Amino acid sequence: MNTIETLERDFLEHNKLLTRLIDEVDQRLLGLDLREMSEVPHSATILLFIKAIKSAKVVKTLINSGYGQDALHIACQLFEVMISLEFIAKDPQTRAKNFLEYYYYRIEERNRRLEQYGSAVLVKETGPYKGSDEWAKTSLQEKCQQVNREKEYQLVYFQLNESSHSGVAGLNYYTQRYTNSRGNKIQMFNAGPRETATSDAYWLNLYFIRTIIEAVKTLGTPHFVDIDSGLDLVTNKCLVIEQVAVRLKRMFRQEFPELPINIDFNTTNFKLTVKHVTKGENQKYSMDGDYEGFFLQESLLGYAYQIFKAACKRLKLSVPAQDNYISYNF
């Protein structure tokens with residue numbers, strides 16, 4: 001089974017939801033009334049929304065082709081779109097107008113730089129709004145604070161942003177070191193295509209695009225007020241348990257590559273099953289709890305790791321060295 005087939009199978013619930021959202025949005029975009037879309041705040045909302053949907057399509061292609069690291073860069077962009085829409089929703093008319101005016105302000109800045117270096121601007125873009133930098137006077141962090149996303153800004157966006165701009169954050173997705181069950185030191189390099197970073201990339205991107213759809217609904221954007229974003233408790237729980245199952249599967253594959261282990265989960269009773277194929281032993285782990293809202297990738301990995309340790313104990317396997325935990329960049 002190749003990488004694409006493996007990832008499409010492992011992330012079946014994620015793929016189904018993302019495909020449904022993209023297909024439904026595409027159908028609704030075909031029916032847009034351009035006159036409605038030319039009015040504030042919809043004129044700003046639809047521009048941001050189209051950018052997000054295009055990015056969501058790219059995400060699906062990158063992840064299922066084994067380039068999760070690059071899909072994480074798109075999560076950074078989707079986070080910014082999400083915050084912009086949630087911020088606009090607090091004062092739609094004023095903030096949408098500020099957003100559009102900032103677009104023309106940046107064009108004017110670009111024209112001035114061109115003229116500074118002797119490049120004549122033959123045709124200057126004009127529009128219904130004067131250029132203004134009012135939108136930029138509130139920083140992204142301040143916008144996050146106003147829409148109650150400070151936690152996501154500090155714990156997710158900060159790292160994604162540094163990784164996207166060639167900072168040291170995120171380099172752990174390109175190489176891992178760990179000690180295998182025979183005591184040998186292993187170092188892997190992940191130039192791709194590989195499964196590295198695909199779990200994190202799917203979780204972050206899908207949560208952001210679902211929240212973007214919810215923000216578009218809140219803004220009353222025509223043709224999207226009744227779309228199902230998939231942010232409900234049951235859908236979120238299905239995605240969480242699939243995330244845990246995938247991460248658990250990869251831990252066993254990395255630590256015990258020759259061990260015949262199957263990992264399945266049930267989206268009806270939310271139980272995760274670990275089965276030793278040879279011994280025929282089933283271990284069931286309940287995933288009860290409140291799975292509404294956003295989860296950090298570290299929390300999802302933590303759930304999987306606790307089950308992994310319990311399963312190792314029941315299968316009489318030695319739990320790998322604690323240092324190996326930092327190599328689980330799934």
Side-chain angles (χ1 to χ4, degrees), residues 2-4 6-7 10-11 14 55-56 58-83 139-141 144 149-181 183-209 243-244 246-257 294-306 308 319-330:
N2 61 33
T3 301
I4 293 177
T6 299
L7 292 171
D10 286 351
F11 292 103
H14 288 67
S55 294
V58 176
V59 160
K60 191 169 184 290
T61 301
L62 283 173
I63 294 178
N64 286 345
S65 298
Y67 297 101
Q69 300 102 320
D70 298 278
L72 281 169
H73 300 335
I74 295 177
C76 186
Q77 300 170 33
L78 287 177
F79 181 88
E80 293 170 355
V81 172
M82 179 183 80
I83 298 304
S139 69
L140 180 66
Q141 184 172 4
C144 289
R149 296 282 183 185
E150 179 73 3
K151 172 185 173 183
E152 288 92 328
Y153 177 85
Q154 294 289 353
L155 297 179
V156 179
Y157 177 76
F158 187 84
Q159 184 174 9
L160 288 174
N161 188 50
E162 185 175 345
S163 175
S164 297
H165 292 89
S166 300
V168 295
L171 292 179
N172 55 315
Y173 288 115
Y174 294 91
T175 181
Q176 286 86 50
R177 286 186 243 180
Y178 65 96
T179 304
N180 68 13
S181 56
N184 298 321
K185 300 286 184 181
I186 305 295
Q187 180 158 7
M188 297 187 299
F189 295 98
N190 305 312
R194 295 182 68 92
E195 297 175 9
T196 311
T198 54
S199 294
D200 289 351
Y202 244 135
W203 175 254
L204 294 176
N205 279 295
L206 196 46
Y207 181 81
F208 295 155
I209 193 63
Q243 281 278 332
V244 173
V246 170
R247 292 165 192 269
L248 182 59
K249 185 185 302 182
R250 292 181 183 180
M251 285 181 203
F252 272 109
R253 191 186 306 152
Q254 177 174 313
E255 301 294 358
F256 308 103
F294 179 73
F295 279 73
L296 292 171
Q297 315 96 284
E298 290 86 351
S299 299
L300 296 169
L301 182 58
Y303 285 139
Y305 187 61
Q306 293 304 316
F308 175 70
V319 178
Q322 183 68 30
D323 289 348
N324 283 6
Y325 186 79
I326 62 174
S327 72
Y328 301 151
N329 297 303
F330 305 140

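For clarity, every value in this text was computed on a predicted model and none was experimentally measured. Numbers here are sequence positions counted from 1.
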Chemist: Could you work out, with side chain to side chain donor-acceptor pair (under 3.5 Å) as the rule, every residue matching S164, not counting sequence neighbours?
Modeler: H73
Chemist: Count the heavy atoms belonging to other residues, nucleotides or ligands that lie under 6.0 Å from CD1 of I186, then report whether that count exceeds 12.
Modeler: yes
Chemist: To the nearest 0.5 Å, what is the distance between CG (L155) and CG (L160)?
Modeler: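 Atom-to-atom, L155:CG and L160:CG are 11.0 Å apart.
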Chemist: State which residues pass ring-ring contact (aromatic ring centres under 6.0 Å, His included) with F208; sequence neighbours excluded, sorted by chain then number.
Modeler: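 Residues passing ring-ring contact (aromatic ring centres under 6.0 Å, His included) with F208: F79.
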Chemist: What are the two closest heavy atoms between A201 and G68, and how far apart are they?
Modeler: CB-O, 3.6 Å
Chemist: Just jot down the side chain to side chain contact (heavy atoms under 4.5 Å, CB included) partners of R149, sequence neighbours excluded, or say none.
Modeler: M82, I83, E86, C144, V147, E152, Y207, T211
Chemist: Using the test side chain to side chain contact (heavy atoms under 4.5 Å, CB included), find all partners of Q306 that sit at least two apart in sequence or belong to another chain.
Modeler: K309
Chemist: What pair of heavy atoms forms the shortest contact from A75 to L204, and how long is it?
Modeler: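 Shortest heavy-atom separation between A75 and L204 comes out as CB-CB, 4.1 Å.
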Chemist: Working to the nearest 0.5 Å, report the span between CG of N329 and OH of Y174.
Modeler: 11.5 Å
Chemist: Sequence neighbours excluded, which residues qualify as side chain to side chain donor-acceptor pair (under 3.5 Å) partners of Q159?
Modeler: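 Q159 satisfies side chain to side chain donor-acceptor pair (under 3.5 Å) with no residue once adjacent residues are dropped.
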Chemist: Looking at NZ of K60 and OH of Y202, how far apart are the two atoms once the value is rounded to the nearest 0.5 Å?
Modeler: 5.5 Å
Chemist: Could you measure the distance from the CD atom of Q141 to the CD atom of Q154? Nearest 0.5 Å is fine.
Modeler: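 If we round to the nearest 0.5 Å, Q141:CD and Q154:CD are 5.0 Å apart.
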Chemist: Determine, stepwise, if the pair V244 / F308 fulfils side-chain contact (heavy atoms from CB on, under 4.5 Å).
Modeler: CA-CA 10 Å; V244 173; F308 175 70; over 6 Å; no
Chemist: Please report the interatomic distance CG(N161) to OH(Y153), rounded to the nearest 0.5 Å.
Modeler: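 Between N161 CG and Y153 OH, I get 7.5 Å after rounding to 0.5 Å.
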Chemist: What are the two closest non-hydrogen atoms of S55 and I74, and how far apart are they?
Modeler: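 Closest approach of S55 to I74, heavy atoms only: CB-CG2, 3.6 Å.
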Chemist: Among all residues two or more places apart in sequence or in another chain, which pass the ring-ring contact (aromatic ring centres under 6.0 Å, His included) test with Y67?
Modeler: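 Applying ring-ring contact (aromatic ring centres under 6.0 Å, His included) to Y67 gives none.
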Chemist: Could you tell me which residues satisfy ring-ring contact (aromatic ring centres under 6.0 Å, His included) with F256, sequence neighbours excluded, listed by chain and number?
Modeler: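 ring-ring contact (aromatic ring centres under 6.0 Å, His included) list for F256, sorted by chain: empty.
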Chemist: Does any pair with a residue in residues 246-257 pass salt bridge (charged side-chain N to carboxylate O under 4.0 Å, His left out), and if so which ones, sequence neighbours excluded?
Modeler: D10-K249, E195-R250, E195-R253, D200-R247
Chemist: Return the OG to NE2 distance between S199 and H14, rounded to the nearest 0.5 Å.
Modeler: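 It is 7.5 Å, given to the nearest 0.5 Å.
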Chemist: Not counting sequence neighbours, which residues clear side chain to side chain donor-acceptor pair (under 3.5 Å) with T61? List them please.
Modeler: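 Applying side chain to side chain donor-acceptor pair (under 3.5 Å) to T61 gives none.
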Chemist: Excluding sequence neighbours, so at least two apart, what forms side chain to side chain contact (heavy atoms under 4.5 Å, CB included) with Q322?
Modeler: Y305, Y325
Chemist: Taking only residues two or more places apart in sequence or in another chain, which ones pass ring-ring contact (aromatic ring centres under 6.0 Å, His included) with F330?
Modeler: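 Scan of F330 (ring-ring contact (aromatic ring centres under 6.0 Å, His included), adjacent residues dropped) gives Y328.
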Chemist: Under the side chain to side chain contact (heavy atoms under 4.5 Å, CB included) rule, collect the residues that match up with A197, sequence neighbours excluded.
Modeler: Q69, L72, Y173
Chemist: Specify the closest pair of heavy atoms between N205 and L78, including all atoms of both residues, with the distance to one decimal.
Modeler: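 Heavy atoms of N205 and L78 come nearest at OD1-CD1, 3.3 Å.
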Chemist: Go through V156 and Q297 one step at a time and tell me if the side-chain contact (heavy atoms from CB on, under 4.5 Å) criterion holds.
Modeler: CA-CA 9 Å; V156 179; Q297 315 96 284; 4.1 Å; yes
Chemist: Quick one: does any side-chain atom of T175 pair with a main-chain N or O of M188 as donor and acceptor, under 3.5 Å?
Modeler: yes
